[in-house]
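First the structure, in the form of structure tokens, and then the observations on it.
A note on names: the letters A, B, ... follow the listed sequences, proteins ahead of strands, and every chain is numbered from 1.
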Amino acid sequence: MSEYRFTREVDAVIIGAGNGGLAAGASLAKNGVKPLILEKHSSPGGFASSFVRGRFEFETALHVLADYGPDNNRGNLGKFFDELGLDVEFVEVPEAYRLITTHDPEGNLDAVMPMGIEAYIDKMEQYVPGSRESVTNYLLICKEIYDALLYLGKNKGNVDKDVLLKEYGNFVRTCAASQQQVLDAIKMPKKAQRILNAYWTYLAVEMDRINFTIFGVMIYVLLEKSAYIPKSRSHEISMALEQKIRELGGAVECNSEVENILVKDGKVLGVKTTRGEYIKTTQVVANMSEHTVYSRMVYPANAVPPRCYQIANARIMGPGAVVVYLGLNKSADELGITEYEYLIYDSMDTTDVYKAFDSRGRTKAQATACLNLAIPNCSPPGTCIISFTVLNHGNRWADVKPEKYFEEKERIAKEILDEFKLATGIDLAPYIEEIEIATPATFANINKKYNGSIYGYECVDWDSLIPKTMTIQDEDENPIKGLSFVGGFSRRSQGFSSSYMTGEVAGRIAAAKWKEENKNV
Amino acid sequence: MSKIKLIPGLFALMRMAGTRKKRIKEADFKIRNDIIGQIAKQMHPESLSLVVHSVRAENESVRTYRLISAPDSTSLPVFQAGQYISIKLKIGKSQTSRAYTISSAPYEAEGENGYYEITVRKKPGGLVSEYIFDNWAEGVGVNATGPHGDFFYSPLRDYKDIVAIAGGAGITPFRSMIKQFAEKEHEMNLTLLYGCKNENDVLFEREIDEIIKTHPSLFRRVNVYENAPEGRPQGYLNAEFINSNLEDMQNKTFFICGPSVMYEFLRKEFLKVGNLRRKQLRYEVGGAPDNVTKRKDWPANAECKTVQITVYIQNISYDIPASTIETILTAIERAGLLLDSQCRSGECGICRSKLNEGDVYIITDNDGRRAADKELGYIHPCSTYPLSDCRVTIPPSNPIKGR
């Protein structure tokens, strides 16, 4: 007899209908296990959402969806979505990025880089004559790493060391290296390195510390599979996933917050909602950080093995963000906005910029997306939508007095607009029809992100995809039976595509465990 | 392709798991505080426990309630002048909510003795306003959401010349703005154009005039009366009145607050005012209109009749009666079912539900629905009217805490 009064029993409970949670739900349901997804908000999606202000519908968080791929060259995410049969209309973004540096001791850069590996190499050769060989080499190694990961994935960790060494030697030799070590080893010209590294802000770990596998795969997948965005904002993906989960027999309940994960004898018993409902289950998938789950949610608290706190505390918290969303009353064309994605840095000294994330404000790096360059009719004629993201560690917002909070947001937004003007010559200020500014406190409030972090834990060598994949089923790493993690804080780095894939994998594993437990029933 | 010689020893790969184990073993056992999470909770509490501190009659049918934090509750969250709180009420078997603009200033909410004031007009037959008039007295507990809404001044977006256009009780956000600007801000100036039915309809006149007297360069007020007392301007809040009181229309932001019939009228009048850009006009949301059938896009063939709504909550269904001229939210609340709501104007999406079947009329003035939601048949029941029998799936909601 259990000490809890369960009112219903389900195969699996997923806490949070963010990207990881929805993907896990779809993955479980596809594998024959009926999940119940409990979402605190009035609509599913987490960061994959949108909001309306006046005549604009803003994308909440997505800049580009990586690893989706065109019809004839799907990436892992594209394959997953295809297998599910998701009904989402995707649009390809026009270029990889435009990099601009504004206070660069090594000389300011302004480079527009295309999608496609050949085109990228050609363009780099134009900007940096003599870079062709090393950039080609670099991207070939990246491809080998990508293939090696596919091989590892296929063999579920049971790898033949000889095959690995013979076929994927560069993977074995670089897997513990940083991006900078690899760049130096292949002697890429400095300027080409700076242009290539532009995308680093999406990982937010400086080049000396970022695991090469992570960076290499990211840039390879971007150029090889191109990048996509859904036509009706990422809310469209969330809604399509939700609908699919329902079709496959699962359920998504909004306005339903889980207060506790009930644990006994090292095993999950069920969950309790803030409405006081007890739901019985053996599998709980948490779309949130280990810090949140272990410090606030497991009941009783002494059911958390001390090792759990060590697992959480060993990891390094990534930054949160300030995001400025603008609805402008002029078209992108009239304003002179020519690229979808502007990556603007003070310099490409990534160590210097990384340090700045530990402050509050514009912090030397901003990623800007103008939605209309990919989806021309995403806002009414004669208008456009543009958003700016800068990274700030959440705790840097702790000393802002509540009554000064609004002022501080507007101050930083102005800094960001001034920097955009300095970088591009375009003054957006007179054309602002709608503005919304989100901060780490916003993400802590709306998305319940630990410390307002949108970037999950940093993917440094020992805490990135490979060691985590190798230890995914280790008992040491899963101290509470039946509890697994998905989303930006789990096994891969943050980002939409990574989060979806953590859900896909966790869903498969949880389904297998559920079937194992229920095979005699 | 070159063969990279980088890592000494071949099995760096195998070592990574070892490094990971070592890092975890070295980590501490402390439970970390989520500082930003705690701050976010203070700034955006899920609900507020308030107490009526005092009641002031503005006239026969309008009262201002001063609300303070209940004992043992934290201090009041900050807000921007113009924002509202949504009051949660249980009246009979119905649980409902109403959005009321905070008519006091943000600075008055600060500190231990901070307060919010809301100003309520008693509507004859109005379920909520009559309940409040009959029941709220000093010491009565009140449940509310934290402050919400987008109707406030943004220095980056708006011009420093503000024109506040108020109709009747729509003065409340401007009382808050004027008090706040006078106390804390001296950059912008505000011209209040105030349309009233008659002299009795004017609210906060003396108080606002006092502020204008001490800050004549910042504020100006002009009233217009449908039935003017002697010596006061007779007329309507229309293009002519607006034109006659403003020298030029450009580089100004108009904040407009009043009943929804006023918005419909003013949207046409502003076309005559001059070449205004959309960013210059900001309308406050105003709740459901008194008479939806008077809206100009109300379907000509729509009948005023009773229909049946089948409401699904977590796989249980309820058949409830509804009127075509009341919102689906109202019908759900009247039937004693729970559905959380906040703005009651279609904007915020808190009551977001799925329409599985049925014809509806939707007020689109403040339609906060996303494109994908519209495509999939989601509605905001607070601004949606059932024109036929309907089937609607609503999310589970929480009963009001406390009383």
Side-chain angles (χ1 to χ4, degrees), chain A residues 42-43 50 52-53 57 137 140-141 165 169-170 172-177 181-182 185-186 232-233 235-236 239 253-256 275 291 295 306 309-311 313-314 329 394-395 397-398 402-403 405-406 410 413-414 429 432-433 435 440-441 444-445 450-452 461-463 466-467 470-471, chain B residues 1-7 10-13 15-17 19-21 23-32 34-37 39-44 77-78 80 106 110 150 154-157 277-279 314 340 347 349-352 367-373 375-376 395-398:
Chain A
S42 56
S43 96
S50 65
V52 172
R53 292 286 180 272
E57 180 176 343
N137 225 334
L140 279 170
I141 294 167
L165 273 175
N170 281 326
V172 178
R173 283 182 289 274
T174 59
C175 64
Q181 281 175 304
V182 173
I186 62 173
S232 298
R233 318 302 174 273
H235 180 56
E236 186 184 359
M239 294 314 296
E253 276 178 21
C254 289
N255 275 3
S256 300
R275 265 192 293 277
H291 275 101
S295 68
Y309 298 117
Q310 285 184 297
I311 293 175
N313 289 343
N329 65 5
N395 45 7
W397 280 79
E403 59 272 21
Y405 177 79
F406 180 78
E410 293 255 340
K414 189 172 182 308
I432 302 172
E433 181 173 310
I435 180 168
N445 171 42
Y450 190 90
N451 204 33
D461 53 0
W462 62 273
D463 197 23
I466 305 161
M470 288 164 73
T471 56
Chain B
M1 184 191 352
S2 64
K3 191 169 157 183
I4 285 208
K5 284 183 187 154
L6 238 169
I7 308 302
L10 284 177
F11 289 96
L13 172 66
R15 285 216 307 268
M16 289 172 90
T19 311
R20 177 171 176 79
K21 284 187 172 41
R23 290 283 186 148
I24 291 172
K25 207 175 156 194
E26 286 166 2
D28 66 76
F29 296 90
K30 269 182 270 168
I31 300 173
R32 306 258 158 96
D34 180 2
I35 303 165
I36 290 299
I39 290 172
K41 229 174 202 173
Q42 280 165 23
M43 286 172 60
H44 307 283
V78 295
Q80 295 301 308
E110 289 173 19
D150 305 321
S154 154
L156 277 175
R157 180 193 63 201
R277 280 152 297 143
R278 179 144 170 174
K279 75 168 268 178
Q314 289 176 315
D340 213 2
E347 186 184 69
I350 292 291
C351 62
R352 176 180 180 272
D367 196 351
R369 291 178 306 153
R370 284 80 62 84
D373 275 2
E375 186 82 15
L376 291 169
S397 293
N398 298 329

Residue part contacting chain B, namely of A:A398, when any heavy atom lies under 4.5 Å: both

OH on A:Y450 to CD1 on B:I35, rounded to 0.5 Å: 8.0 Å

Closest non-hydrogen atom pair, B:K30 against A:N313: O-ND2, 2.7 Å

Residue B:D340 versus chain A: region with a heavy atom under 4.5 Å: side chain

Check: B:D34/A:H291 side-chain N/O donor and acceptor closer than 3.5 Å: no

Interface moiety of B:R277 toward chain A, non-hydrogen atoms closer than 4.5 Å: side chain

Residue among B:L376, B:D367, B:D373 with most heavy-atom pairs under 4.5 Å to chain A: B:D373

Minimum heavy-atom distance between A:S295 and B:I31, given as atom pair plus value: CB-CG2, 3.3 Å

When A:S43, A:S232, A:P402 are compared by non-hydrogen pairs under 4.5 Å with chain B, the top option: A:S43

Chain B interface, residue from A:A444, A:S42, A:A314 that has the most non-hydrogen pairs under 4.5 Å: A:S42

Short side-chain to backbone donor-acceptor contact, B:R157 and A:I435, under 3.5 Å: no

Interface residue of largest heavy-atom contact number with chain A, from B:R369, B:K41, B:Q42, B:H44, under 4.5 Å: B:H44

Option that, when pairs with chain B are counted at under 4.5 Å, heavy atom only, ranks first among A:E57, A:R233, A:K414: A:E57

Option in B:G349, B:P155, B:G37 with maximal non-hydrogen atom pairs under 4.5 Å from chain A: B:P155

Any donor-acceptor pair under 3.5 Å from A:E253 side chain to B:Q314 backbone: no

Region of B:Q80 that comes under 4.5 Å of a non-hydrogen atom in chain A: side chain

Part of A:S256 within contact of chain B (heavy atom distance under 4.5 Å): side chain

Working for salt bridge (Lys or Arg N to Asp or Glu O under 4.0 Å), residues A:R53 and B:D150: CA-CA 8 Å; A:R53 292 286 180 272; B:D150 305 321; 3.5 Å; yes

Spatial distance of atom CE (A:M239) from atom CZ (B:R370) [nearest 0.5 Å]: 8.0 Å

Heavy-atom side-chain contact between B:R278 and A:N329 under 4.5 Å: no

Nearest non-hydrogen partners of A:A441 and B:I36, listed with the distance: CA-CG2, 3.7 Å

B:I24 side, atom CD1; A:Q310 side, atom CD - distance, nearest 0.5 Å: 8.5 Å

Side chain / backbone / both / neither for B:K21 at chain A, heavy atoms under 4.5 Å: side chain

Side chain / backbone / both / neither for A:E236 at chain B, heavy atoms under 4.5 Å: both

Interatomic spacing from CG in A:N395 to CD1 in B:I39 - rounded to 0.5 Å: 9.5 Å

Where A:I432 and B:K279 come nearest, the two heavy atoms and their spacing: O-NZ, 2.9 Å

Options B:C351, B:P77, B:S397, B:P106, ranked by heavy-atom pairs under 4.5 Å with chain A, top entry: B:S397

Whether B:E110 side chain and A:E403 backbone form a donor-acceptor pair below 3.5 Å: no

